Amino acid sequence: SDSTKSNENQMLLNEISKTVERIISITNTLNRFSRHTEGDPIEKCNLKVLTQEVVDFLAEKIKKNDVHISIECGEEVVIAGRLIEISQVILNLINNAIDATEKRPDTRKINISISPIDSEYGKLTIPDNGPGIPQELQQRIMDPFFTTKEIGRGTGLGLSISKRIIEDHRGTLKVVSSSKEGATFQIKLPFFKEDS
């Protein structure tokens, strides 16, 4: 009937519209990162301050998802970085951690910790108590366009761009996960040195 055909057409248009929005979002992300911020200075980045700013920025989403986030930082960790880029990485990782805890029936928690590793490097660890990442996917999780999120929820660019940013800062980004204990992302970055 005509009304069935009309419904099908409407659904098709909605799908096309969603796909176009997704392509625009991917293009915008790529444009933002292709204007590589090499002009931006390397400056002192206090990891606790940056992380707290990101958590404050995500306050609405954290509340909506009923996630408990704590930041544990004994000793201050001040790394050398481009503020905007490091903030983007932290934002992406915390966002992913919140999404990962979404289907958990009980307490959703992300206990972030910041600490020195040695005299050269500090680390930021973001663990979630979501479902974890299967072993076979852990190798691919940071490949461009690879995502475990359902269609329309992720571009698969966040982790690959985050990894590139951290490596540009002479650091590392790695994931440790077991299927029962959630996933833990760890960023390792060099300290800011006054003479650098």
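Owing to the predicted nature of the structure, the values given are computational and were not obtained by experimental measurement.
The shortest non-hydrogen separation linking Thr184 to Pro127 is OG1-CB, 3.4 Å. A pairwise comparison of heavy atoms in Asn92 and Ser162 identifies ND2-OG, 3.1 Å as the closest pair. Across Ile166 and Leu173, no two heavy atoms sit closer than the pair CG2-N, 4.0 Å. Nearest heavy atom pair, residue Gly81 against residue Ile86, reads CA-CG1, 4.4 Å. When all heavy atoms of Pro116 and Phe191 are compared, the closest pair comes out as CB-CZ, 3.7 Å.
You'll find the side chain of Pro190 stays beyond 4.5 Å of the side chain of Glu120, heavy atoms only. Side-chain contact between Leu189 and Val77 is absent, with no heavy atoms from C-beta onward closer than 4.5 Å. For the pair Thr101/Asn65, no side-chain contact is recorded, criterion being any heavy-atom separation below 4.5 Å from C-beta on. Here the side chains of Val89 and Glu85 are not in contact, with every heavy-atom distance at 4.5 Å or above. The shortest distance between side-chain heavy atoms of His68 and Thr107 falls below 4.5 Å. Asn95 places a side-chain heavy atom less than 4.5 Å from the side chain of Lys61.
Atom CD1 of Ile79 sits about 12.0 Å away from atom OH of Tyr121, to the nearest 0.5 Å. If you take CD1 on Ile69 and CD1 on Ile71, they are separated by 7.5 Å, rounding to the nearest 0.5 Å. Interatomic distance, Lys174 NZ to Thr125 OG1, rounded to the nearest 0.5 Å: 9.0 Å. Rounding to the nearest 0.5 Å gives a distance of 12.0 Å between CG of Asp128 and CD of Glu102. Separation of atoms CD (Gln10) and CG (Asn7) is listed at 8.0 Å; rounding is to 0.5 Å. For the atom pair CG (Leu124) and OG (Ser115), the distance works out to 9.0 Å, reported to the nearest 0.5 Å.
The hydrophobic clustering, which links ILVMFWY residues whose side-chain heavy atoms are closer than 4.5 Å, places Ile114 and Leu83 together. Linking ILVMFWY side-chain heavy atoms closer than 4.5 Å, directly or via other members, places Ile165 and Val175 in a single hydrophobic cluster.
The existence of a salt bridge linking Lys64 and Glu60 is excluded, since no basic side-chain nitrogen approaches an acidic carboxylate oxygen closer than 4.0 Å.
Using a distance-only test at 3.5 Å, with no hydrogens or angles considered, a donor-acceptor pair links the side chain of His169 to the main chain of Arg82. Side-chain atoms of Arg108 do not come within 3.5 Å of backbone N or O of Ile98 as any donor-acceptor pair.
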Set out, in order, the CA-CA distance, both residues' side-chain angles and the distance that settles side-chain contact (heavy atoms from CB on, under 4.5 Å) for Leu93 and Ile187, then state yes or no. CA-CA 10 Å; Leu93 293 178; Ile187 299 171; 3.6 Å; yes
Show, in sequence, the C-alpha distance, side-chain angles and deciding distance for Phe185 and Asn96, and conclude whether the side-chain contact (heavy atoms from CB on, under 4.5 Å) test is met. CA-CA 10 Å; Phe185 284 85; Asn96 283 353; 5.6 Å; no
Scan the side chains in residues 45-59 for donor-acceptor partners under 3.5 Å anywhere in the protein, sequence neighbours excluded, and list what turns up.
{"unit_1": "Asn46", "atom_1": "OD1", "unit_2": "Lys48", "atom_2": "N", "d": "3.0"}
{"unit_1": "Asn46", "atom_1": "OD1", "unit_2": "Val49", "atom_2": "N", "d": "3.2"}
{"unit_1": "Asn46", "atom_1": "ND2", "unit_2": "Glu76", "atom_2": "OE1", "d": "3.4"}
{"unit_1": "Asn46", "atom_1": "ND2", "unit_2": "Glu76", "atom_2": "OE2", "d": "3.1"}
{"unit_1": "Thr51", "atom_1": "OG1", "unit_2": "Leu47", "atom_2": "O", "d": "2.6"}
{"unit_1": "Gln52", "atom_1": "NE2", "unit_2": "Asp56", "atom_2": "OD1", "d": "3.0"}

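With a 6.0 Å radius and a threshold of 12 heavy atoms from other residues, nucleotides or ligands, Glu43 has its CD atom above the threshold.
Not counting sequence neighbours, the partners of Ser70 by the side chain to side chain donor-acceptor pair (under 3.5 Å) test are Asn111.
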